[in-house]
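Just so it is clear, the structure is predicted and the values come from calculations on it, not from any experiment. In what follows, chains are A, B, ... by sequence order, proteins preceding strands, each numbered from 1.
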Amino acid sequence: MRVARIWAWITFGIGAAYFFIPLIATLEFSMRMRRGEYSFDAYRIVLGDERFQATFGYSVVVAIFTILLGVLVVVPTAYWIRLRMPQLRPIVEFITLLPLIIPAIVIVFGYIRMYGSNSPLPFLGSARGTDVLLIIGYATLALPYMYRAVDTGLRTIDVRTLTEAAQILGAGWATIIARIILPNVLIAVLSGAFLTFAIVIGEFTMASLLNRPAFGPYLQNIGANRAYEPAALAVIAFAITWGCMSVIQILSRFAPRSASAPAN
Amino acid sequence: MAETFLSIQNVRKAFGATTVVQDFDLDVGRGEFVSFLGPSGCGKTTMLRIVAGFEEPSAGQVMIGGKDVTNLKPNQRDIGMVFQAYALFPNLTVAQNIGFGLKVAGVPKAQAEARVVEMLSIIKLPEFGARYPYQLSGGQQQRVALARALAPKPKLLLLDEPLSALDAKVRVSLREEIRSIQKKTGITTIFVTHDQEEALSMSDRIVVMYGGKVEQVGTPFEIYNKPATKFVANFVGTLNVLEGTVSNAQSGRVRIDKKEIAIKSKLNGSKTGDVLSLALRPEAISLGRRPGNDATLSGEIAEVHFLGSVIRVRVNLGNSAVSLDTFNSPAAPPPMVGDKAEVSFKVGDLLVLEG
């Protein structure tokens, strides 16, 4: 028992070292811009850079719209599959996995060919149209994560009975989804939303090939031309991701608890 | 029966090649409490779901208040329903759950709030409005589910095995509460259960179902005392079934274990030599001869079970056996296994089973 415990701690220590040492090294390197002393100069430069603010702001807005699109598409779909068409689940799961198999570059070249300015749907004819196409593309890339998160959330509630209980009380589909289903899978939706956010913030291929001023191409540009700033940006990106995960943890405390295990 | 309020006409329901409900016909009076009773898979819940609108019948019609609702969606039928699994909305408080139907119907806020308070007091949980479902016990949750179903004042109340997830004590108290609220509100109610005790104690009438068909419709008294089929007799209550051979159809004599008894009025056209299934409830049989009992059979005591206030005794009668109940009396010792015994009953209590 005691030996097993020691091995568990050794394994944990190796895992933690594997994860933290590069991170600490990156942090340490990002603070060595001044010779002979540690400073936050690299962070000051990055955060003060107008391009950082502009590209980060752009990516945040795109991420928000991507999340909204993802929720609008995925929640009703996953709900309907669970409620009425469970036999289609394997097919839908396969479709949602396709973005993991098909590289983003293939998707974006497909978009460029399909939605050029001469096509019936000329998304690429204007900057706003390209933004919309980028959002659709990102929603596709985030589909595996969003669908799985929502589907897992739906598994924790009795979708059919709750739907029928709401229906018999006079509720229509929109009311059922907005007031019963969505609030009960909100934490799952938020998990999917933050994963989507993380994907959108760092994505390079689509934004670069569609020539949009997103954060991913900016990161690549800085990484290719500067020494300390990319390390500072990597640490900032980690901080944002961890912030998102902390928010999920905090919000999960407010999740509606299942009524199937009542108090005595 | 009062004026017909719910009318189910020739309803049939099939899932692919499997027919789960067939030829279901029933008229339910306004304010009546009717139970669908039967074993699992008999079609009772499917029939209830057809009335609710969750299942579409393959054939037949459902009329509520004289209006054909067969093709209406569940949210257009003005029905309240309580589910076996409570089905309270976990994200809403008790008060919000009860007020959900009122909000959907667009009832003004003040009016809805007053109705929620009224319902909370009816279910005797006036202080629980701000709690969430997970903070309630199973019995409390089911009372809230009942209040939620009744709050919008539906025309019809459907109860889908609402007590089966609860423990025995809560079940008994809640069934009394449900019945008393139903009487108070006067709402027409369909109650689905597989528990005969619940059905017998709560219902105005019982519909006993088996294999998708209605076996018998009647009051609890009729169902228990005059079962129409062998299934009803066996399913409702405990029953002793004796095999008898008609020894003389003309004089109405039947032989049970070498002993002949006269049951002329019950032969229903049977011929000499026919074999009949004769049933007796345990409470209709007495140990020993009793004044007023006109038939006696002899045997030997095979088992004695002490159940507290009652002692259940099993008596072997040659090729068959009967169980009977005697009251426990501290002054008289219980019968012993192996003792010779006589059992007596009134011929009038014998049921000749068909089907």
Which atoms of B/Lys73 are under 4.5 Å from chain A, going by heavy atoms: the side chain, the backbone, both sets, or neither? neither
Of the backbone (N, CA, C, O) and the side chain (C-beta and beyond), which part of B/Arg49 lies under 4.5 Å from a heavy atom of chain A, both, or neither? side chain
Side chain / backbone / both / neither for B/Leu92 at chain A, heavy atoms under 4.5 Å: side chain
Any residue of residues 163-180 of chain A which, by heavy atoms, sits under 4.5 Å from chain B: A/Glu164, A/Ala165, A/Ala166, A/Gln167, A/Ile168, A/Leu169, A/Gly170, A/Ala171, A/Gly172, A/Thr175, A/Arg179, A/Ile180
Can you check whether anything in residues 82-91 of chain A gets within less than 4.5 Å of chain B, heavy-atom wise, and list it by number? none
Should we count OH of A/Tyr58 as having more than 12 external heavy atoms under 6.0 Å? yes
Tell me whether the count of non-hydrogen atoms from other residues, nucleotides or ligands lying under 6.0 Å of CZ in B/Phe15 goes above 12. yes
If you take all heavy atoms of A/Pro183 and B/Asn91, which pair is closest and at what distance? CB-ND2, 3.2 Å
Given heavy-atom pairs under 4.5 angstrom as the criterion, report whether the side chain, backbone, both or neither of B/Ala105 touches chain A. neither
Please classify the contact between B/Tyr132 and chain A as side chain, backbone, both or neither, with a heavy-atom cut-off of under 4.5 Å. neither
